[in-house]
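Numbers restart at 1 for each chain; the letters A, B, ... are given by sequence-line order, proteins then strands.
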Amino acid sequence: MRHSLFGLLPQGGTLPEESWVRRHRGVVLLLWLHSAVIPIFALTMGYSMVHSLAEGLVVPTAAVIASRPGLARRVRTVAAALGLLSSSAVLVHLSGGLIEMHFHFFVMVVVVSLYQDWLPFLAAVGYVFVHHGIFGALDPRSVFNHPAAISHPWKWAAVHALFITGISLASLVNWRLNEAHLTQRRRAEVRLQEESRIVERLGEVGRMLAADLELDHVVQRVTDVATELTSAQFGAFFYNVSDGSGNPYLLHSRSGVPADAFASYLAVPVVSRGDVIGGLFFGHAEVGRFRESEERIAAGIAAHAAVAVHNARLYAAERRAREQEAQARQRLAILAEAGRRLLSTSLDLDALRNEISELVVPRLADDCWIHLVDNGGSLPSGIDSEEGDHPILRTIRSGRPLLLQPGNGDLDRLRAAIDPREPLASAVIVPLPGHDRVVGAMTLTMQRSSGRHLHQDDLDLAEMLARRVAPAAENAEVFAAQQAAAEMLQHSLLPERLPIVPGMDMTARYLPGGAGVDIGGDWYDVIALPDGTVGLAMGDVVGKGIRAASLMGQLRNGLRAYARDGRQPAAALEQLNELLTEVDSPDHMATLVFGVFDPCTGELTLANAGHLPPLLCRPDGTAEFLQCGPGLPLGALPESGYRNTSFTIAPGSTLLLYTDGLVESRQLPLDDGLERLRSSMVGQPDCSEVCDVVLDGLALGGTNRDDTALLAVRYLTLGDELQVSLPARPATLKPLRNLLRRWLREGGASEEEISDILVAAGEACANVVRHAPAGDPAILEVHGRRDGDISITVRNPGRWRNGSRPGEGGRGLAIIEELMDEVDITRGPPETAVTMRYALGDREPVRSS
Amino acid sequence: MRRLVTLDRSGTTPVARVAGEVDLANATRLRQELLALATDDDDWLVVDLTEVAYADSSGIKVLFDLARDLRRRRQSLAVTVPAGSPLRRLLKITNFQEVAPICDDVDTAVELIAKRPVND
């Protein structure tokens, strides 16, 4: 009750400073006006000048005090109020209590109420009452001018005071109303200011949010700003997010102090296009902290947040779509590139692995492995066969792909098999589906250090890739096996070692083609023929691989048979041509040059079926390509004719047979190659060196060369000293006789002498051969010297049989002794030697029986 | 491989012509080829060595063995070698004439056979 009663009263002192100053200035002016009027009024009423000035002095005094700026506002107000009331009192007194002059009091009270303050107002009211009472009692006529009042001054003072009270009340009401109006306006102003501040802030928030398209930023900013603007101690933004796979989940972003024990809560929904996409929640420890204004702020922010979140989501979706598109494009590119590269890649397995690695790393994974199961189904290399449950094996056996995510125990097993150094974060293993079985597995891995991961879509891509890789891998595997078989076949077809022909030095070389070049059909052969001549063959089968090798085998065997049968080279080629054209296969074609060389006479009979001409280098340094009659390659036409061409080879000459790999390097035209070959041949001491020099020149010529075969044959010069060391085998005897025959003939022996010496020496040699230990590479040594006479020593590591024993051995010794002039037999150990001497030219020309 | 021996049956007596060189490497084969030539119906076999360019004791042994084998079959051997040839000397050195007649040529051999009784 008391509260409500006091509540009705004006508060006072609420006048704004500038209003007070303005009003106070008017009041002080009024005081100065009274200070001037009062003495004039006193003079007109007949008072003396001194009295007039003295009685009016109180008013200017009050005006001076009220005007002093250093004094407190309240003191100045009270001084002004008392001055105004004093001027009323003085005027009443000067007018002799004229009742009308009392109206001046009312005017002044109203003026004082302008201050809208309790102290001057109460002071004014009290002043009237006290003044009327005291002065009415002391000098009634100075206050009242009617008899009733004069006789009862206190009573009339009370009456006056009552009126004053009345006017005071009226003023109070006025004051109160004024004050209420003022407060209301001020509140309205404050609220307006606050609202404009909020609107401004919301605008800022809106601009800020509109500029941010990152959802996480938006959410955090919304939470921070809303918490600040609502003056909450805690703020959170809960919102629904859809991840890529469509699973909704809840995220929240907090701002401010922890959310326990709050007394006030505020929550507003965040609504975007009619859907509640989240909510803003605020808390404060004080009760009733959140009011409508906070709610409006929060709602405003929520509206902005809805737009911003919507935009951020659109942006994220757009970005995701762009990323997916880019990813899809990259994947398509990888697949297209895979098709292109794997198609054009060579059939080499290692090259294939490299291609795949380059394709996949680093675009798809940090590393890539290919494990292949060979045709027999054995385990891929690098995987422990005791590891029964290896993930790669599992994939190969089941044909199902595996995606190994972090934490999967298989990752460790996988790592042990591929690269134990790097810990793996994730891996994808896909089977390589071959023609009718799983040929292996492709493994893609991400290392933990790279921070990347493999997912389901990577597995899908890997599977698509595997479908392209598998046929290539399968082909490469089959090809590798074929190539190995062809290589083995070819090697088995080339002579393991050349026959030893005394008086001749021969070296052959075969160089497989450069890396990635299939094995070719180059081949050569050296055949020691039964008549002591030597067949020399160099050929090139058209085509590659197993077919070429098998054709080469046919040619080789055919040639050997025909040559041993005594066919001349041209006839042998004709037979081979028949052999090839009989086989109804148009691509069976081969070039071949074949010569039969007689080491006894130095005669070379040559026929050529489309092959490069042999090169003859003479001891005088000149060189010549041995051109034969023209001949088509074998297999080109049925019934091709070939011609024998004979050459006489001087001792000390070197004959070179070769294939086009030697002269047809990619950089050099054929003619240049031949010329280079010719110049490189001069002055090489032996055939092995000839081959080295020629092949060195080839290595300089280029890298990606064809396969190359080379056969160098030197027809040795024989001196007066002859030293031969040969395997002690029956097949050695005839070439050895040929050599001796040639040596004897060059030494000037007659045919009869040659016959005798050959028989004797032949007996000695045959005896060595006959008694050579079986299975032992025994050596037969023949040393000859011709110095007018002929001296021949035949040595062997075993024991010489003497004539005491029957059989042809004994007969042989008899023959030697009969034929030769002198025979010495030295019996070992370590060796047994028979030395026989023959004096040339001292015999009868014909010995008859 | 070329045959070492060719058989001529144009006359009453088969003539085996040997050509080339005979040594340890082909002696065994020569003996087999020669033995195969003489059928049971023949009383004589003439081995013509005119074209033999070389023969060592292995070749001589072939002739000795052949003579012995034929004798077991009650057949006779004659060889023809030109007079003065190296092989003729060898045959003489090894006393081959003690196991079979050595003639200068095939005609002489045929004549000789005609004069001699079979399996004397």
Side-chain angles (χ1 to χ4, degrees), chain A residues 528-532 560-567 600 728-738 740-741 751-772 803 806-819 844-849, chain B residues 1-6 18-33 49-68 79-105 108:
Chain A
L529 294 168
D531 62 356
R560 284 193 160 221
Y562 302 140
R564 291 178 82 84
D565 218 15
R567 298 280 201 300
C600 209
R729 288 203 305 265
T732 305
L733 295 173
K734 175 147 191 181
L736 182 60
R737 282 199 302 276
N738 280 343
L740 284 173
R741 188 177 283 131
E751 287 304 310
E752 287 79 12
E753 287 167 335
I754 291 173
S755 285
D756 285 353
I757 297 171
L758 280 185
V759 169
E763 280 306 330
C765 292
N767 213 37
V768 171
V769 171
R770 201 176 284 127
H771 297 107
E808 74 269 29
R811 202 176 283 132
L813 187 53
I815 291 172
I816 295 169
E817 281 171 341
E818 180 66 25
L819 290 177
E844 300 161 26
V846 176
R847 282 174 287 264
S848 69
S849 54
Chain B
M1 190 173 283
R2 257 186 307 181
R3 296 177 69 83
L4 288 165
V5 186
T6 49
V18 183
E21 303 188 3
V22 182
D23 64 12
L24 201 55
N26 59 2
T28 309
R29 189 158 64 91
L30 176 64
R31 184 182 159 196
Q32 286 164 351
E33 287 189 26
L49 301 171
T50 311
E51 296 298 316
V52 173
Y54 171 91
D56 64 5
S57 60
S58 312
I60 307 298
K61 181 174 185 290
V62 169
L63 296 176
F64 275 100
D65 291 349
L66 180 66
R68 190 184 65 230
V79 299
T80 63
V81 189
S85 71
L87 183 54
R88 184 74 175 247
R89 282 196 68 203
L90 279 189
L91 290 175
K92 198 179 166 227
I93 293 168
T94 54
N95 293 317
F96 185 73
Q97 68 276 11
E98 289 178 10
V99 297
I102 304 169
C103 306
D104 288 348
D105 52 40
T108 317

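- The two residues A:G762 and B:D56 make their nearest non-hydrogen contact at O-OD2, 4.3 Å.
- Counted by atom type alone, A:R770 and B:S58 present one or more donor-acceptor pairs between their side chains at under 3.5 Å.
- Within 6.0 Å of CZ in A:R729 there are 12 or fewer heavy atoms belonging to other residues, nucleotides or ligands.
- Side chains of A:L819 and B:L90 form a contact here, defined as non-hydrogen atoms less than 4.5 Å apart.
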Side-chain donor-acceptor pairs under 3.5 Å in residues 18-28 of chain B, sequence neighbours left out?
residue: B:E21; atom: OE1; partner: A:R737; partner atom: NE; Å: 3.3
residue: B:E21; atom: OE1; partner: A:R737; partner atom: NH2; Å: 2.9
residue: B:E21; atom: OE2; partner: A:R741; partner atom: NH1; Å: 3.4
residue: B:E21; atom: OE2; partner: A:R741; partner atom: NH2; Å: 3.3
residue: B:D23; atom: OD1; partner: B:A25; partner atom: N; Å: 2.8
residue: B:D23; atom: OD2; partner: A:R737; partner atom: NH1; Å: 2.8
residue: B:D23; atom: OD2; partner: A:R737; partner atom: NH2; Å: 3.0
residue: B:N26; atom: OD1; partner: B:D23; partner atom: N; Å: 2.9
residue: B:N26; atom: ND2; partner: B:E21; partner atom: O; Å: 2.9

